[in-house]
Asks: 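I'd like to ask you about the structure that follows.
The basis for the numbers below is simple: all heavy atoms, side chains too, and nothing from hydrogens, waters or symmetry mates. Numbered from 1 within each chain, the chains take letters A, B, ... in sequence-line order.
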Amino acid sequence: MSTERYNAREAEPRWQKIWDERGIYRTRNDDPRPKYYVLEMFPYPSGRIHIGHGRNYVMGDVVARFKRMKGFNVLHPMGWDAFGLPAENAAIERNTHPGKWTYENIATMREQLKLLGLSLDWSREIATCDPSYYGEQQRIFLEFLAGGFVYRRESEVNWDPVDNTVLANEQVIDGRGWRSGALVERRKLAQWFFRISDASEELLAGLDTLERWPDKVRLMQRNWIGRSEGLHVRFVIENAPEGLPAGLPQDLPSEIKVYTTRPDTLFGASFLALSPGHPLTEQLAAGNPALAAFVEECRRGGTSTAEIETQEKMGFDTGLTVAHPLGGAPVPVYVANFVLMEYGTGAIFGCPAHDQRDHDFARKYGLPITPVVLPAGADPAQFSVADGPYDGDGTLFNSGFLDGLSVPEAKEKVALKLENAILGNAPVGERAVNYRLRDWGISRQRYWGCPIPIIHCDSCGPVPVPADQLPVRLPEDVTFDQPGNPLDRHPTWKHVNCPHCGAPARRETDTMDTFVDSSWYFARFASEPGTAPLQKGAADHWLPVDQYIGGIEHAILHLLYSRFFTRTLAKIGRVSITEPFAGLFTQGMIVHETYKDPAGKWLFPEEVEKRADGTAVKVGSNEPVTVGAPEKMSKSKKNVVPPEIVADTYGVDCARWFMLSDTPPERDSEWTSAGIEGAWRFVQRIWRLVGDAMELTDGVREATPESFGTESVALRQASHRLAAQVEDDVERLRFNVAVARVHSFTNVFGDAMASARKGGVTPDIGYALREAAEFLVAVVAPMVPHLAEECWTVLGRDGLAATAGWPVVEPALLMDDTVTLPIQINGKRRGEITVPKDAPPAEVEKAVLALELVSQALDGRAPKRIIVVPQRIVNVVA
RNA sequence: GCGGGUGUGGCGGAACCGGUAGACGCGGCGGACUCAAAAUCCGUUUCUGGUGACAGAGUGUCGGUUCGAGUCCGACCACCCGCACCA
């Protein structure tokens with residue numbers, strides 16, 4: 001029996017070196033085998049990784065290694081989402097250059113990732129801050145601009161006062177900057193935008209084709225895009241506002257257009273409300289200081305969720321009234337703080353009986369509340385919405401020609417009627433589809449990002465930087481000693497001549513949102529090293545990514561932007577595919593308990609010792625330690641485990657095995673010392689089993705024996721089933737189940753070995769044991785690759801486990817001749833019976849009735865019914 | 001408020017299409033080996049009653065469909081996630 005332990009510390013670096021030297025993870029585009037592209041979301045180089053970062057890389061690595069064994073040409077690259085604010089913050093804090101800081105972090109993290117034994121093609125490594133990468137991005141930007149997918153406009157933006165930059169709506173979470181956490185303010189700036197909202201419909205429709213995406217993510221995107229169908233309705237202004245001072249613009253519009261999804265409730269309209277940002281509001285406010293003050297008050301209202309929720313409905317009566325388009329009573333026009341300018345037309349009609357907001361508003365300003373939809377079964381004389389609006393289904397009443405119709409019928413009838421009502425040269429009503437999705441503002445007032453390749457000329461306007469002058473490189477000599485954008489205050493960088501007229505002009509000093517960088521990197525990886533960054537042929541060959549893996553936090557932003565970007569690249573002819581990620585998986589986080597000393601200071605796990613009685617103390621001082629609930633690993637709470645420590649004590653294979661065990665990959669998983677120790681024991685167990693099997697079968701001829709006995713067949717069945725099941729599990733990314741099957745198999749394997757030791761190793765048993773060892777090693781190879789190589793050597797096999805094929809399963813060994821059926825009596829399990837697999841139900845029934853336990857239960861009576869489900873179960877109803 | 005998800009032993013979790021609930025692991029208990037320990041191996045471990053074979057209960061709660069429900073349907077409870085004045 002082999003007693004030597006597997007020495008991961010020695011073996012792991014050795015095998016990593018061999019893999020590296022032989023270049024087995026280098027991928028070639030001209031490889032004739034079918035392609036498979038596995039990608040994990042590339043990291044931001046923040047400094048160091050902890051073991052919690054490793055989970056998605058390990059999952060991706062298992063898939064990559066498995067697919068390689070199945071004969072695919074696998075692309076599994078890695079890169080760095082290297083632009084972004086933390087580099088500038090570090091520059092300020094440490095008086096260093098963002099680039100230097102970033103590249104140092106990349107060097108550290110690359111070594112840490114290599115430590116994990118990932119089968120990555122490092123030759124394709126990219127960093128988005130590399131001029132060759134962002135230069136291509138500038139080219140793409142200009143092509144998008146030429147194609148009409150980019151524009152510039154003055155817009156109110158979300159301003160992050162801490163990071164001193166603009167944020168997209170999606171980057172504002174609960175009214176705070178997604179990175180800084182600062183309360184966001186509103187400002188007006190000239191910004192560059194991508195026309196993502198024009199793609200709303202196709203982005204929505206495309207979701208239906210993404211069958212290998214989690215439903216949850218598709219739903220989140222669907223809601224984010226927020227399609228609604230409704231009607232644009234024109235309301236004619238009836239009167240000039242009274243009591244307004246002279247100087248009111250004479251060119252007031254003659255009508256107000258509103259957007260509604262509930263045209264059926266038009267007869268319940270008791271007011272119109274304009275957004276404070278509506279052009280008519282601005283026009284009226286110019287001549288009305290009270291209104292101007294009201295608008296100003298609305299603007300100060302704040303943008304945080306908490307504020308919006310608690311904010312009371314506020315309105316200002318403009319004195320205008322509009323005619324009711326269906327002949328109802330005239331309706332007053334208000335300006336209201338809750339009407340958004342960015343959605344619909346910036347104006348609404350209020351129906352207080354059937355909408356909460358309108359209800360609140362009407363009560364506050366004493367406007368009439370007329371119910372027009374009657375719930376089924378309600379009495380029209382009694383029905384009241386005094387307690388709150390009713391927004392359910394029902395029958396129309398108080399609504400003239402709509403009375404008696406259902407809500408959908410009424411919607412349709414109103415739409416038809418208003419479409420056919422002509423006022424001036426246009427219909428009063430027009431069907432319209434609205435989306436919640438807004439255009440993507442990409443301008444950022446920061447240094448460490450991709451420069452927007454535009455030159456502003458006083459006479460020519462914004463002019464693209466000519467192609468031969470790309471990339472527009474970031475200047476190296478910048479300072480961070482004052483707030484604001486270093487590019488803007490750089491002494492020379494922005495001063496250039498206009499490419500059109502040659503007059504002195506200024507560079508655009510804004511850089512792009514870093515989400516642009518991550519919107520096409522997956523296409524960049526397709527090109528071989530040293531070739532053009534975005535090659536159509538290569539991208540079309542590799543894309544879409546077959547399996548993309550990353551955190552759920554990117555369900556909307558990154559994934560929606562990437563989908564938009566890919567579609568737009570297709571429209572300008574850069575690629576042929578429209579969806580970048582065919583399969584998506586969102587993995588859970590690794591969490592860890594937190595520890596605090598009596599002074600309330602966070603402690604690292606290695607500073608804490610757990611006592612047998614469940615309490616914890618600080619190592620050295622014996623001070624009591626408060627153990628907190630498991631939380632996401634974070635530097636600030638110190639509940640992190642560095643990969644180096646794990647590698648040194650247990651080996652990375654143990655860490656890999658542990659990360660794949662027990663918890664389903666989409667759920668959060670808790671890192672515990674007991675767990676890693678369990679993984680360590682199991683790694684040793686595999687090592688021992690393989691060694692023992694080789695020792696035990698030493699001298700047994702390897703040739704296939706002439707016949708197999710019951711025991712060897714049973715073991716062979718287990719081996720072949722293992723390979724078939726683990727294959728299925730890995731295909732479905734059910735790593736925890738795969739791990740359980742391997743555990744189960746080692747129990748069977750161990751038992752077979754013990755009985756062979758007692759009963760003697762006949763040629764068939766010897767063959768089965770060796771096969772079992774080989775199957776075991778091959779099956780775990782994607783999960784614990786270093787151990788697999790070491791075992792491969794023990795097995796005396798040529799080549800590397802990493803380049804070996806997946807075990808070939810003999811279908812005959814997956815079948816059983818007999819099957820054991822549970823017997824239920826009245827639905828309760830009372831026994832079992834073993835019958836031939838293909839026994840006809842009638843015979844099974846006969847055999848079951850002959851059993852004593854059945855006749856006893858029946859007590860002489862005939863059974864009422866017998867249900868035989870072939871190969872499943874027998875139920876006797878007494 | 002709207003939308004979605006989850007709920008199974010002391011713990012992580014398994015159970016394909018409605019067919020033996022608790023696979024596998026962790027922890028616990030008992031044993032073997034050892035002078036002893038570690039390591040390893042074997043047995044046991046849902047709960048209740050019983051020495052025992054066995055019986056009863058049991059997948060958040062209540063009800064329903066079915067020969068049979070963790071799985072399907074209805075109502076509810078708890079927790080988690082997303083969105084949120086989107087007309």
Asks: How many whole angstroms separate atom NE2 of A:His743 from atom P of B:rG25?
Replies: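 Distance, rounded to whole Å: 6 Å.
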
Asks: Considering only heavy atoms and no angle criterion, is a donor-acceptor pair shorter than 3.5 Å present between the side chain of A:Arg872 and the base of B:rC16?
Replies: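 It does, because a donor-acceptor pair links the side chain of A:Arg872 to the base of B:rC16 below 3.5 Å.
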
Asks: Where each residue is assigned the nucleotide of RNA chain B containing its nearest heavy atom, which of A:Arg865 and A:Arg732 is assigned the position nearer the 5′ end?
Replies: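 Nearest-nucleotide comparison on RNA chain B picks A:Arg732.
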
Asks: Please report, rounded to the nearest Å, how far the C1' atom of B:rG18 is from the CD atom of A:Gln824.
Replies: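 Rounded to whole Å, this separation is 11 Å.
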
Asks: Hey, does the side chain of A:Asp355 reach the backbone of A:Asp358 with a donor-acceptor pair shorter than 3.5 angstrom?
Replies: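 Flag set: sc A:Asp355 to bb A:Asp358 pair under 3.5 Å.
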
Asks: Give one of base, sugar-phosphate or nothing for A:Val869, where a contact means two heavy atoms less than 4.0 Å apart.
Replies: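 Base contact.
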
Asks: Within this structure, what is the CD-to-C1' distance between A:Glu677 and B:rG27, rounded to whole angstrom?
Replies: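 My rounded result for the distance is 12 Å.
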
Asks: With sugar-phosphate meaning primed atoms plus P, OP1 and OP2, does A:Thr663 contact a base, only sugar-phosphate, or nothing at under 4.0 Å between heavy atoms?
Replies: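 The answer is sugar-phosphate, as A:Thr663 gets under 4.0 Å only of primed atoms, P, OP1 or OP2.
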
Asks: What about A:Lys313: does its side chain form a donor-acceptor pair under 3.5 Å with the base of B:rC85?
Replies: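 Indeed, a donor on one side and an acceptor on the other fall under 3.5 Å apart.
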
Asks: Do any side-chain nitrogens or oxygens of A:Arg734 fall under 4.0 Å of OP1 or OP2 in B:rA15?
Replies: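 True: A:Arg734 side-chain N/O within range (under 4.0 Å) of B:rA15 OP1/OP2.
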
Asks: Check whether any side-chain N or O of A:Arg741 sits under 4.0 Å from OP1 or OP2 of B:rA14, and answer yes or no.
Replies: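 Answer no for this pair, as no side-chain N or O of A:Arg741 is under 4.0 Å from OP1 or OP2.
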
Asks: Cation-pi check, A:Arg436 to A:Trp224: give yes when NZ or CZ is under 6.0 Å from the six-membered ring centre and within 45° of the ring axis, no otherwise.
Replies: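 Flagged: A:Arg436 positioned over aromatic ring of A:Trp224.
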
Asks: Syn versus anti for B:rG9, judged by chi lying within 90° of 0?
Replies: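 Because its glycosidic torsion lies within 90° of 0, B:rG9 adopts the syn conformation.
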
Asks: Looking at A:Asn875, I'd like to know whether one of its side-chain N or O atoms comes within less than 4.0 Å of OP1 or OP2 on B:rU20.
Replies: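 Indeed not, no polar side-chain atom of A:Asn875 lies that close.
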
Asks: Quick one: is B:rA39 close enough that its OP1 or OP2 comes under 4.0 Å of any side-chain N or O from A:Arg681?
Replies: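 Checking B:rA39 against A:Arg681, no side-chain N or O comes under 4.0 Å of OP1 or OP2.
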
Asks: Set out, in order, the CA-CA distance, both residues' side-chain angles and the distance that settles salt bridge (charged side-chain N to carboxylate O under 4.0 Å, His left out) for A:Arg829 and A:Glu832, then state yes or no.
Replies: CA-CA 8 Å; A:Arg829 184 182 179 279; A:Glu832 55 186 38; 2.9 Å; yes

Asks: Mind calculating the distance between CZ (A:Phe682) and C1' (B:rC26) to the nearest angstrom?
Replies: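 It is 14 Å, rounded to the nearest whole Å.
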
Asks: Classify A:Val874 by what it touches in the nucleic acid, base, sugar-phosphate, or nothing, heavy-atom distance under 4.0 Å.
Replies: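 If one applies the 4.0 Å heavy-atom cut-off, A:Val874 turns out to touch nothing in the nucleic acid.
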
Asks: A:Asp729 has an atom CG; how far is it from atom P of B:rA23, in whole Å?
Replies: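 The answer, rounded to whole Å, is 17 Å.
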
Asks: Establish, with yes or no, whether the OP1 or OP2 oxygen of B:rU20 is under 4.0 angstrom from a side-chain nitrogen or oxygen of A:Arg830.
Replies: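 No, outside the criterion.
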
Asks: Under 4.0 Å from OP1 or OP2 of B:rA39: is there any side-chain N or O of A:Arg688 that close?
Replies: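 No, A:Arg688 has no side-chain N/O under 4.0 Å of OP1/OP2 on B:rA39.
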
Asks: Across the strands shown, which category fits A:Asn826 at heavy-atom distances under 4.0 angstrom: base, sugar-phosphate, nothing?
Replies: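 The answer is nothing, as A:Asn826 stays clear of every strand by at least 4.0 Å.
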
Asks: Would you mind classifying the nucleic acid contact of A:Asn736 as base, sugar-phosphate or nothing, using non-hydrogen atoms under 4.0 angstrom?
Replies: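 Touches sugar-phosphate only.
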
Asks: Using 4.0 Å as the upper bound for N to carboxylate O, is an ion pair formed by A:Glu727 and A:Arg741?
Replies: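 No, this pair does not count.
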
Asks: Does A:Tyr343 put a side-chain nitrogen or oxygen below 4.0 Å from OP1 or OP2 of B:rA87?
Replies: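 For A:Tyr343, the contact criterion (side-chain N or O under 4.0 Å from OP1 or OP2 of B:rA87) is met.
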
Asks: OP1 or OP2 of B:rC54 less than 4.0 angstrom from a side-chain nitrogen or oxygen of A:Lys828, does that happen here?
Replies: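 No, because none of the side-chain N or O atoms of A:Lys828 sits under 4.0 Å from OP1 or OP2 of B:rC54.
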
Asks: Atom CZ of A:Arg222 to atom C1' of B:rG82: distance rounded to whole Å?
Replies: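 To the nearest whole Å, that distance equals 14 Å.
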
Asks: Check each of A:Leu769, A:Val742, A:Leu722, A:Ile686 against A:Phe749 using the side-chain contact (heavy atoms from CB on, under 4.5 Å) test, and report the only one that passes.
Replies: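 Between A:Phe749 and the candidates, side-chain contact (heavy atoms from CB on, under 4.5 Å) is satisfied uniquely by A:Leu769.
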
Asks: Would a line drawn from the ring center of A:Phe658 to the ring center of A:Trp671 be shorter than 6.0 Å?
Replies: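 Under 6.0 Å, so yes.
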
Asks: Identify whether the glycosidic angle of B:rC17 places it syn (within 90° of 0) or anti.
Replies: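 Glycosidic conformation of B:rC17: syn.
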
Asks: Considering every strand and a 4.0 Å limit on heavy-atom distances, what is the contact class for A:Leu340: base, sugar-phosphate, or nothing?
Replies: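 A:Leu340: base contact, heavy atoms under 4.0 Å.
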
